[in-house]
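For reference, the structure discussed in these notes is given below.
Numbered from 1 within each chain, the chains take letters A, B, ... in sequence-line order.
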There are 2 protein chains.
Amino acid sequence: MIIFLLYKIIYNAITTYITNRFDTKNNLLSLFRKHCVLKKKTVTIDDIARYLNIATSTVSRALSDHHSISDQTKKLIKDTAKKLNYRPNSLAANFRKGKTKTIGLVVPRINRNFFSNVIHGVEYVANQFEYSLIICQSNETYKSELEAIETLMNNRVAGILISISRETRKPGHIKSVIEKGIPLVQFDRVFEEIKSNKVLNDNLNGAYSAVKGLIDQGYRRIVHFAGPYYINIYQDRYEGYKKALLDSGLTPDEKLVFENILTREEGYEKTMEIFGKANRPDAVFAASDFSALGAMIALKDMNIKIPGEVGVVGYANEPFTDYISPGLTSVDQHSVEMGQTAARLLFEEILNEDENYVPKTLTLKPDLVIRDSSSGG
Amino acid sequence: MIIFLLYKIIYNAITTYITNRFDTKNNLLSLFRKHCVLKKKTVTIDDIARYLNIATSTVSRALSDHHSISDQTKKLIKDTAKKLNYRPNSLAANFRKGKTKTIGLVVPRINRNFFSNVIHGVEYVANQFEYSLIICQSNETYKSELEAIETLMNNRVAGILISISRETRKPGHIKSVIEKGIPLVQFDRVFEEIKSNKVLNDNLNGAYSAVKGLIDQGYRRIVHFAGPYYINIYQDRYEGYKKALLDSGLTPDEKLVFENILTREEGYEKTMEIFGKANRPDAVFAASDFSALGAMIALKDMNIKIPGEVGVVGYANEPFTDYISPGLTSVDQHSVEMGQTAARLLFEEILNEDENYVPKTLTLKPDLVIRDSSSGG
DNA sequence: ATAAATTACGCAAACGATTGCGTGATTATA
DNA sequence: TATAATCACGCAATCGTTTGCGTAATTTAT
């Protein structure tokens, strides 16, 4: 009995082996596959080496201008490389070196004026350093921001630039980047408490000069359309607003400040509400050009003269501020410059050899661009 | 004598050998180096395999959900991967596979409204397909465009999206991309003669409906501010302008068409010149919103009523067209949608298995957005 | 004249994942 | 009940560069 079972088992094993082994269909397939592989496509440094009958390492070094290769050999190798139409495989090089000549950028949205200008500035600098730029959108969500950081890290980018999404409240992912030793620059919307490079706008002084400008023109009861305070930039603008009032001997009135008025619609509604009543204020300082625009439209609809009766100042210096009439006085954030500065700072860290690099915080001074909407109370 | 020389040579060789061989300084250095290497940093699939005492290949397959791995093993592997804090090295994977999950985008300028919207659309779709996006600016120069294509190809992107720079006249680089078999989509500004995927705006019909709109409102002598004709889009807009006139029984007047009027300043100057004289035209159709804006400002400066005396229509539906007053009628190009369409088309080619893929040309229908600047002659 | 440094190049081992092929074992199919 | 197909996994080659180390030959410094 046992012998019979044993026999069955062994027999089965053998027959299975044989049938598997001589599976003609599969064998034909593999032959075909091998044939396909034969048609080699790309030329590698190995090909160049074989062609010139020298070592691969010499070719590699020659192509990257290593000092220990004679100019003569370099020229020879480079010429044949061109002749054979050699294209370096960056993938292989990056893999071997464990790093890339690519930097990653995470922004809330690409097609917002401020960010598209920042991106422009970043790309400009990256290009100078001969680095590529991978761009990710967080779409203002925490989830996408996480994913973006994840893929950038998996792709071993040389460094990361990020402006935090509106939804993001926890800095864990940012920390993990730093812990991995990946150079990082936070810009505009940042976690203050995280120790990293930062590029900020001096929002406090930007707001300060805006409000100061209104006061200087004779406006006194100045409304402030603020953004959500948990975002540093809006908090700072609010502080600047208050400081400007205090410095001019005016008392900030909480009843004139409205949080979370950022869009045109919100600006319009709120303006209708506030300026529709008696004893109305005489100016608006909006933390956003769009709510300022909404205010202007509302004022026009109520037949209130700008700047004659009410002055308006916005923030961000969106292109349209120059095109509407009256032109909207606004605070320019030098967005392109901010991108450039952030990128340069990142490269400073990337190219830094020193073990203990100390992160920097740079603050850009915004400029008040005075137009008609605020000139003359 | 000869023996002596021989002796000298051999002696030299031997001493040099010995001194080189026992260079203590270098040896110490190499020891130190080796020591440094010991502190391993990243955990690989090999580590996971060793940890679980299984084959590396099994780990690899499990992580990429290969069908031939049991769910049980998959779970085990994935769990330990998480436990060991494993991060996949995309570089290695990309290298091995010879391709990346990255697409490249080349645009003249990132921070132009149209392109930043396109980029937004592209990123949106790329993200859905779990691809990354590398962005390059040509800055409207041929040289940068070449370099961009070069680096994208060296980085083995899965596909390329491009809108030709203003300076580019020769399509050689575009051809080389196609010859290398890299999926390609040209959009907006394209080489018509190149056989590739294309996404275009129907500029002819866009212009047609714009001019038709003006005619319907009673305007008759319509000026056209055109762009340079060698760029397909401006040529098409000009054709649409003529066609609309002809279809309405009007005769196109060459004296009312001005090439290369694209900026606000150019629009302003030309409008001052044309409308300052007697027997002035009664409408402007500009191939650019900016020259249309220039026209509006000029007309205002000359106290000519818009739309009462002169109607104005622009092209591109820049954001500001909605903010100025009167609102500028313009042609919307659905720029975000164009980016999405182009990206989807690219992925169609990338994911295509068929050997002989036939490139497509998609044309998006622009929409006339009617605002006050053209309503009522 | 000797020691030390520099020049110029080759050898071969990485880097970390993927994947074709092989091998038993288990199911499904004829 | 043969036979075929599928399942589950391991082995080892491979992708194209880079780079540490080795070796002579030559130059420079002492």
Side-chain angles (χ1 to χ4, degrees), chain A residues 8-21 23 25-27 29-30 33-34 37 40 42-49 52-64 66-74 77 86-99 154 156, chain B residues 8-9 11-21 23 25-27 29-30 33-34 37 40 42-49 52-64 66-74 77 86-99 156:
Chain A
K8 285 300 313 176
I9 290 173
I10 291 171
Y11 176 81
N12 269 338
I14 289 175
T15 48
T16 312
Y17 171 81
I18 289 173
T19 47
N20 279 336
R21 192 78 192 78
D23 183 335
K25 210 206 296 176
N26 272 337
N27 276 345
L29 206 69
S30 74
R33 289 247 175 71
K34 256 179 195 145
V37 170
K40 225 202 163 198
T42 45
V43 18
T44 71
I45 56 170
D46 273 320
D47 296 327
I48 300 178
L52 292 174
N53 204 27
I54 55 175
T56 317
S57 53
T58 307
V59 178
S60 170
R61 283 192 254 258
L63 291 175
S64 51
H66 193 276
H67 65 272
S68 87
I69 303 293
S70 64
D71 289 343
Q72 200 188 347
T73 322
K74 272 184 195 167
I77 291 175
Y86 165 74
R87 325 250 95 211
N89 186 337
S90 308
L91 288 184
N94 291 338
F95 165 55
R96 170 62 225 250
K97 289 191 284 195
K99 62 185 174 189
N154 290 349
R156 304 294 191 270
Chain B
K8 282 308 303 180
I9 289 172
Y11 175 82
N12 270 338
I14 289 174
T15 49
T16 312
Y17 172 80
I18 289 173
T19 48
N20 280 335
R21 194 78 191 74
D23 183 335
K25 209 204 302 173
N26 272 337
N27 276 346
L29 205 69
S30 74
R33 289 248 176 71
K34 256 178 196 148
V37 171
K40 225 200 164 203
T42 44
V43 17
T44 70
I45 55 170
D46 275 320
D47 297 326
I48 301 178
L52 292 174
N53 203 27
I54 54 175
T56 318
S57 52
T58 307
V59 178
S60 170
R61 282 191 256 257
L63 290 176
S64 51
H66 194 275
H67 64 273
S68 88
I69 304 292
S70 65
D71 288 344
Q72 201 188 347
T73 326
K74 271 184 196 168
I77 291 175
Y86 165 75
R87 328 247 93 215
N89 186 337
S90 308
L91 289 184
N94 292 338
F95 166 54
R96 170 61 225 250
K97 288 191 284 197
K99 62 187 172 189
R156 304 295 191 267

Report the distance from atom [atom1] of [X] to atom [atom2] of [N], rounded to the nearest whole Å.
{"X": "D71(B)", "N": "dA8(D)", "atom1": "CG", "atom2": "P", "result": "8 Å"}
{"X": "D46(A)", "N": "dT19(D)", "atom1": "CG", "atom2": "C1'", "result": "15 Å"}
{"X": "K74(B)", "N": "dA8(D)", "atom1": "NZ", "atom2": "P", "result": "9 Å"}
{"X": "H67(A)", "N": "dT7(C)", "atom1": "NE2", "atom2": "C1'", "result": "8 Å"}
{"X": "L63(B)", "N": "dT19(C)", "atom1": "CG", "atom2": "P", "result": "13 Å"}
{"X": "F95(B)", "N": "dT17(D)", "atom1": "CZ", "atom2": "P", "result": "8 Å"}
{"X": "K97(B)", "N": "dG16(D)", "atom1": "NZ", "atom2": "P", "result": "16 Å"}
{"X": "I69(A)", "N": "dT19(D)", "atom1": "CD1", "atom2": "C1'", "result": "12 Å"}

As an exercise, state the distance from [atom1] of [X] to [atom2] of [Y], rounded to the nearest 0.5 Å.
{"X": "I77(B)", "Y": "I69(B)", "atom1": "CD1", "atom2": "CD1", "answer": "6.5 Å"}
{"X": "R156(A)", "Y": "N94(B)", "atom1": "CZ", "atom2": "CG", "answer": "11.0 Å"}
{"X": "R61(A)", "Y": "T56(A)", "atom1": "CZ", "atom2": "OG1", "answer": "10.5 Å"}

Looking across every strand, which nucleic acid part, if any, lies under 4.0 Å from [X] by heavy atom: base, sugar-phosphate, or nothing?
{"X": "N94(A)", "answer": "nothing"}
{"X": "T73(A)", "answer": "sugar-phosphate"}
{"X": "S60(A)", "answer": "base"}

Whether over 12 other heavy atoms sit under 6.0 Å from K74(B) NZ: yes
Are there any protein N/O atoms within less than 3.5 Å of an N/O atom in nucleotides 10-14 of chain D, and if so, which ones and at what distance?
{"residue": "dG10(D)", "atom": "OP1", "partner": "A55(B)", "partner atom": "N", "Å": "3.4"}
{"residue": "dG10(D)", "atom": "OP2", "partner": "A55(B)", "partner atom": "N", "Å": "3.1"}
{"residue": "dG10(D)", "atom": "OP2", "partner": "T58(B)", "partner atom": "OG1", "Å": "2.1"}
{"residue": "dG10(D)", "atom": "O6", "partner": "R61(B)", "partner atom": "NH2", "Å": "2.6"}
{"residue": "dC11(D)", "atom": "N4", "partner": "S57(B)", "partner atom": "OG", "Å": "2.9"}
{"residue": "dT14(D)", "atom": "O2", "partner": "R96(B)", "partner atom": "NH1", "Å": "3.0"}

Proximal nucleotide (of dG16(C), dT17(D), dA8(C)) relative to the T44(A) side chain: dT17(D)
Among dT17(D), dC9(C), dG16(C), the one nearest S68(A) by side-chain distance: dC9(C)
Minimal non-hydrogen separation, D47(B) against V43(B), with atom names: OD2-CA, 3.2 Å
S70(A) side chain near dC9(C) phosphate (N/O to OP1/OP2, under 4.0 Å): yes
Minimum side-chain heavy-atom gap L63(A)-I45(A) below 4.5 Å: yes
S90(B) side chain to N154(A) backbone, donor-acceptor under 3.5 Å: yes
